[in-house]
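Scroll down for the structure; my scribbles are underneath it.
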Amino acid sequence: MPVSDHQMIEAWKQVLTLSKLQAGQSVTVLTSAATHPQTLQCALIASQAMGAIVNRLDLPPVNAEKALSRDSLAYLGTTPLTGNPAAIAALKASDLVLDLMTLLFSPEQHEILASGTRILLAVEPPEVLVRMVPTLADRARVKAAAARIGAAREMHVVSAAGTDLRCKLGQYPAISEYGFVDEPGRWDHWPSGFALTWPDEGGASGRIVIDRGDILLPQKAYASDRIVLTVDNGYAVKIEGGVDAELLEDYMASFRDPEAYAISHIGWGLQPRARWSTLGLYDREATIGMDARAYEGNFLFSLGPNNEAGGSRDTACHIDIPLRKCTVRLDGVDMVREGQVLDGRENHDAC
């Protein structure tokens with residue numbers, strides 16, 4: 001159903017309040033050609049209503065000649081901030097940046113965050129945003145899961161479909177994504193709700209089976225056939241299966257970068273208001289698929305970069321693949337069992 005401006009403004013106010021926006025602080029709304037007009041309009045109104053000093057920075061899109069998709073996460077590479085010190089200075093001078101453009105996996109974002117600026121990404125359709133307005137309960141749950149990841153030294157993922165993946169942990173931090181930015185220098189994404197980390201360099205090995213019904217992003221498609229990835233020394237060294245496997249392999253090969261095949265972030269979804277089934281209900285070009293990334297009990301793994309965690313891989317290829325019905329273990333203890341999160345809140349109502 002369409003979202004009223006009133007409802008969208010109220011949603012923004014809740015997120016901005018959780019993000020500790022204070023009267024007199026500077027907010028810069030970062031936009032580009034694909035920014036949703038209602039999201040932008042309501043962000044401006046909500047920020048001004050809370051007493052912020054509000055600016056808008058609109059930048060032209062880049063990488064169209066390189067990307068195979070209109071999805072903002074389909075080709076990372078350079079950003080509209082690359083070689084643009086004036087824009088970077090404006091964002092670093094802001095207390096809060098509302099990113100309605102998608103500034104991700106870039107050295108410019110790291111530089112802005114290092115200045116203490118908070119950055120909140122929000123590019124999903126308004127219908128998705130209002131359904132998954134974050135809460136303090138989301139934060140508590142995700143932070144608890146991230147603490148468990150941060151204390152572990154191995155993640156072991158298995159499934160009835162045949163996944164059997166072991167990842168050594170400890171080299172990279174555990175990350176909490178809960179949908180708002182309540183600390184200086186924090187980045188987050190509304191909507192979200194998951195905990196993740198990256199395997200140690202060369203520390204992932206085994207097999208990943210993408211079963212029928214699992215989701216490929218940015219393809220934004222449910223797999224119709226099994227795809228089997230053989231993982232060795234941190235890389236997917238073999239991709240086997242039918243047409244879906246061929247499509248995935250061809251897409252990855254287009255980047256001409258061996259780092260595209262590296263196992264990137266790993267973790268699980270914790271957002272009960274996100275649904276595995278919604279991908280087929282939205283225009284594929286209108287969403288980046290955050291329901292798929294965040295739905296409760298998925299095992300979300302990625303192929304590609306690790307520079308967001310401080311690593312050296314900055315490949316332009318970034319593929320997120322949430323799997324259903326997996327068991328995720330940390331140091332031998334089940335965190336997720338066959339797609340059910342084991343944190344004392346199994347089968348709970350949406351909060």
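In what follows, every heavy atom counts, from backbone to side chain, and hydrogens, waters and symmetry copies are set aside.
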Give a yes or no on whether the backbone of [Y] and the side-chain of [X] come within a donor-acceptor separation of less than 3.5 Å.
X: Gln48; Y: Val54; answer: no
X: Arg141; Y: Gln271; answer: no
X: Thr163; Y: Val158; answer: no
X: Arg118; Y: Ser94; answer: no
X: Thr28; Y: Asn55; answer: no
X: Trp12; Y: Thr39; answer: yes
X: Asn298; Y: Arg324; answer: no
X: Thr287; Y: Gly289; answer: yes
X: Arg212; Y: Ala223; answer: no
X: Ser47; Y: Ala52; answer: no

Residue of the set Cys326, Pro322, Ser159 for which side-chain contact (heavy atoms from CB on, under 4.5 Å) holds with Phe299: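 The residue from Cys326, Pro322, Ser159 that satisfies side-chain contact (heavy atoms from CB on, under 4.5 Å) with Phe299 turns out to be Cys326.
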
Any carboxylate oxygen within less than 4.0 angstrom of a Lys/Arg side-chain nitrogen, looking at [X] and [Y]?
X: Lys325; Y: Asp211; value: no
X: Arg148; Y: Asp343; value: no
X: Asp188; Y: Arg139; value: no
X: Arg207; Y: Glu240; value: no

Stepwise side chain to side chain contact (heavy atoms under 4.5 Å, CB included) check, Leu40 with Arg56: CA-CA 9 Å; Leu40 168 60; Arg56 177 184 175 186; 3.4 Å; yes

Would you say [X] and [Y] are hydrophobically clustered, going by side-chain heavy atoms of ILVMFWY under 4.5 Å?
X: Tyr222; Y: Leu216; answer: no
X: Val181; Y: Leu44; answer: yes
X: Ile266; Y: Met252; answer: yes
X: Val336; Y: Ile210; answer: yes
X: Trp268; Y: Trp276; answer: no

Note, [X] side chain near [Y] side chain (heavy atom, < 4.5 Å):
X: Thr102; Y: Ile288; answer: no
X: Asp5; Y: Gln38; answer: yes
X: Ile175; Y: Trp198; answer: yes
X: Ile149; Y: Met335; answer: no
X: Leu129; Y: Val3; answer: no
X: Trp190; Y: Glu124; answer: no
X: Leu16; Y: Leu98; answer: yes
X: Glu111; Y: Leu81; answer: no

Could you pull out the closest heavy-atom pair between [X] and [Y], with the gap in Å?
X: Ser106; Y: Glu308; result: N-OE2, 3.8 Å
X: Asp200; Y: Leu169; result: OD1-C, 3.2 Å
X: Asp95; Y: Ser26; result: OD2-N, 2.8 Å
X: Gln14; Y: Thr135; result: NE2-CG2, 4.4 Å
X: Phe194; Y: Arg293; result: CD2-O, 3.6 Å
X: Leu270; Y: Ala195; result: CD1-N, 4.2 Å

Quick one: do Val128 and Tyr282 satisfy side chain to side chain contact (heavy atoms under 4.5 Å, CB included)? Show the steps, please. CA-CA 10 Å; Val128 178; Tyr282 289 93; 3.5 Å; yes

Check against side chain to side chain contact (heavy atoms under 4.5 Å, CB included), Val97 and Leu103: CA-CA 11 Å; Val97 171; Leu103 175 64; over 6 Å; no

Drop me the distance from [X]'s [atom1] to [Y]'s [atom2], to the nearest 0.5 angstrom.
X: Leu303; Y: His318; atom1: CG; atom2: NE2; answer: 9.0 Å
X: Arg186; Y: Ile119; atom1: CZ; atom2: CD1; answer: 12.0 Å
X: Met155; Y: Leu330; atom1: CE; atom2: CG; answer: 5.0 Å
X: Ile208; Y: Ile239; atom1: CD1; atom2: CD1; answer: 10.5 Å
X: Leu18; Y: Tyr178; atom1: CG; atom2: OH; answer: 9.5 Å
X: Asp182; Y: Leu21; atom1: CG; atom2: CG; answer: 13.0 Å

Pairing donors with acceptors under 3.5 angstrom, does anything connect the side chains of Asn84 and Glu108?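 Side chains of Asn84 and Glu108: no pair found under 3.5 Å.
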
Determine whether Val130 and Met8 satisfy the following criterion, side chain to side chain contact (heavy atoms under 4.5 Å, CB included), listing intermediate values before the conclusion. CA-CA 7 Å; Val130 299; Met8 193 68 216; 3.9 Å; yes

Exactly one of Thr197, Asp320, Asn306 should register a side chain to side chain donor-acceptor pair (under 3.5 Å) with His265. Which one does?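 Result: among Thr197, Asp320, Asn306, Asp320 is the only option passing the side chain to side chain donor-acceptor pair (under 3.5 Å) with His265.
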
Do other residues, nucleotides or ligands put more than 12 heavy atoms under 6.0 Å from Glu183 CD?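 Counting neighbours around CD of Glu183, more than 12 heavy atoms of other residues, nucleotides or ligands fall under 6.0 Å, so yes.
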
Counting neighbours of CZ on Arg275 that are heavy atoms of other residues, nucleotides or ligands and sit closer than 6.0 Å, is the number greater than 12?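 Open: at most 12 neighbouring heavy atoms sit under 6.0 Å from CZ of Arg275.
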
